[in-house]
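Here is the structure we will look at, set down as structure tokens.
A, B, ... follow the sequence lines: proteins, then strands. Residue 1 opens every chain. As the structure is a prediction and not an experimental result, all values here were calculated from the model.
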2 protein chains.
Amino acid sequence: MKADLDRFMEADGIDAIVILPHENEDPYRTYLANGAHFGGMVVKKRGEQPVLIANGMEVDEAAKSGLTVYSWEDFGLGELLREHKDDRDGAMAEWFRRIFEKTGVQGSITIYGVGDINAAYRTILLLTEHLGEQITIVPAKIRNNIFNKAYETKDTDEIVRLRDVARRTSAVMRATREWISTHRAAGEVVVTAEAAPLTIGDVKRYVRMQLFAQGLEDPEGMIFAQGRDAAVPHSKGEDDQPLTLGQTIVFDLFPREPGGYFHDMTRTWCIGHAPDEVQADFDAVLEVYQRSAEMCKVGVVTSTVQRMVCEFFEEKGHPTVLNTPGTSEGYVHSLAHGLGLNVHEAPYFPNYSEDYRLQKGSVFTLEPGLYYPDKGYGIRIEDTVFLNESGALETLTDCPYDLVIELNG
Amino acid sequence: MKADLDRFMEADGIDAIVILPHENEDPYRTYLANGAHFGGMVVKKRGEQPVLIANGMEVDEAAKSGLTVYSWEDFGLGELLREHKDDRDGAMAEWFRRIFEKTGVQGSITIYGVGDINAAYRTILLLTEHLGEQITIVPAKIRNNIFNKAYETKDTDEIVRLRDVARRTSAVMRATREWISTHRAAGEVVVTAEAAPLTIGDVKRYVRMQLFAQGLEDPEGMIFAQGRDAAVPHSKGEDDQPLTLGQTIVFDLFPREPGGYFHDMTRTWCIGHAPDEVQADFDAVLEVYQRSAEMCKVGVVTSTVQRMVCEFFEEKGHPTVLNTPGTSEGYVHSLAHGLGLNVHEAPYFPNYSEDYRLQKGSVFTLEPGLYYPDKGYGIRIEDTVFLNESGALETLTDCPYDLVIELNG
């Protein structure tokens, strides 16, 4: 959790974190700025609260963080750009020098942010060239960097937010299931009261309305994929397809509160009836979902859970990423990922490596699945779960798992 | 436009562009991938079509580009991670080596993307260390990098998309104006038929419904700010404020088609009546909007238009960023910016520098404004305009400029 950042900085010998100014949505900045949204900089020295430096027009927004806020002009940006009008690099170097002097940044610094990679690289070279006597820029470890480690557990305030977005997302999923069941079939397809085919596009519009009513946003786009598309985990589904009886539908919903915390859940549905082979594979996915949930205890290395799932599926004859790397049939991805301000963050569940160990306060998905593109079906079940203060695993998701949706229309 | 990229690469001595793989929305990747959405890599050698390298689950999405697509596993990613399980860097270096060999990438390469800055910096160091004999990584120029230069003009296909999103955005703005006018006043505030105050939150819900109906998304959040908030250009407005007669409302709307092109427009409204001082400043903003539109011809250096606007306002006694850098009263920002897959992109309109010159096919905003936080009002007028094939300036925005909204409810 965020309170651990100083300890992780110390362990890695980092004196200060710097988030460069940029316009993009940036979970690192949102995290350090207590949820305030602005396009500016953050500097955080080890053992001290973050300090924000905002465009003058965004000082009010930045101040919602409750932290110290300076404006760009407190360091004379406009004047510097005028003085250095043919040397923007020189202006920027002097601007950073003034900011680092005022905020006491020196020593080993690490630069984070989600923004323009090329501009950031150029800025890093600029800082190294002009301020190399005061600062050394260190790249993070590729795994277990300080933010990843902080993200691995959530504090009480974050759990409140995650529970709330879970409740709202679950309500949307349940409402969608119920709404579909109010329709009727005509031949092999689902139709409306007016006998028009009910399409994936219609369902997605309904879901977006429900998200809207719940005050959620959907920045990454949901998955509502049927048949062969359901067997391609990142296919989002084709709007013009009518819902068809007996085909699997993978509905993966991962919205967030505006600019804040995500939820992530998946259900697999068959409308009217399910073929025997699909039902059998669904039962296997649900069983390994439950087994993986039972294994997730404080102190467990995440890769052991992923490998258990692979071995479970392989015993039933399904290829998996453990012994068939790159397979596009069977179990083709990893079991889970943490989530918070990012839809995917630590802890991860790799096939190997001991990098991630479950802790009290860990919030993560569990999402086993089986995929058979050539047979035209895919199955995935996903809840977001939480290791609570007693070390017990709770699910934050609230929605039945049942495969078959009966039509009552 | 995109067809110019090879020429700009040649001028800068760049042999290949590399977009690193990452999950974020990335306008550079979307641009090179002809609008296809996936989380993988792009490599583009000078004089050749881009080549996409996608996670196996996203190969179908990437293929919508019409370009050559490889999967990560075509370069053995899973096997490499297994072989190098204690040396992820070694695995990644070998993976990049295979990709660059297959696609013929060597020489001077430049790395673009919108993603995790720290991870990208680490990858750049890794490539430099392991592949330094084949490639040299060059940072872009801070202004006028190859993408900025390409973005400065739009091709025919892009103009079609920009016109379409302009039409839909304008319809939302007009509908909102009309909807507000169907209300009535009670004392100084606007109320609904049920006599409840009509709040900014109510209006934003109405606008979001209209955006939804038009199939637009609003990833950056609109501005609907009243009174003092209208005088802080990046304030988004407070949901619980009732609409109040005689106060200025700045409504800045900048949605996009899903994952695609943006529109950007602003209107300033006073409900019922406008104070004389506000009307006079509004007239000045509208006049300088028209003057700036008249100045925008092919070949004009953008900073000359920005300086004209500053001088116009200064003659009328308003402070501006030209001679009062960092001012938060008067004219406090720059006149305009290009837009396309980014809501802000080249050409920019700085106070100084000759970096940007208007061209046929340039698409940009014009958005003069005046801001007086202490007097409790702000004014901005913004259209998105286009220098067409004949060199004439067309506005893509279609909405009346009128300040006062009369209530008819």
Residue pair A/R228, B/D60: steps toward the salt bridge (Lys or Arg N to Asp or Glu O under 4.0 Å) verdict: CA-CA 12 Å; A/R228 185 184 187 280; B/D60 289 359; 3.6 Å; yes
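Proximity to chain B (any heavy atom under 4.5 Å) is restricted, for A/I124, to the side chain, taken from C-beta onward. Only the backbone of B/L322 has a heavy atom closer than 4.5 Å to any heavy atom of chain A. For B/I137, the parts lying under 4.5 angstrom from a heavy atom of chain A are both the backbone and the side chain.
The most heavy-atom pairs under 4.5 Å with chain A, out of B/P325, B/G78, B/G113, come from B/G113. Residue with the most contacts toward chain A among B/M209, B/H22, B/E354, B/R205: B/M209 (heavy-atom pairs, distance under 4.5 Å). In terms of heavy-atom pairs under 4.5 Å with chain B, the best-connected choice from A/P219, A/P139, A/A119, A/G115 is A/G115. Heavy-atom pairs under 4.5 Å with chain B peak, among A/H333, A/R208, A/R82, at A/R82.
The shortest side-chain heavy-atom distance between B/D116 and A/Y28 falls under the 4.5 Å cut-off. Put simply, the side chain of A/V114 does not reach to within 4.5 Å of the side chain of B/E25, judged on heavy atoms.
Between A/N118 and B/I111, the shortest heavy-atom distance links the atoms ND2-O, 2.8 Å. Looking at every heavy atom in both residues, A/H344 comes nearest to B/E23 through ND1-OE2, 2.5 Å.
A distance of 12.0 Å separates OG1 of A/T123 from OH of B/Y121, quoted to the nearest 0.5 Å.
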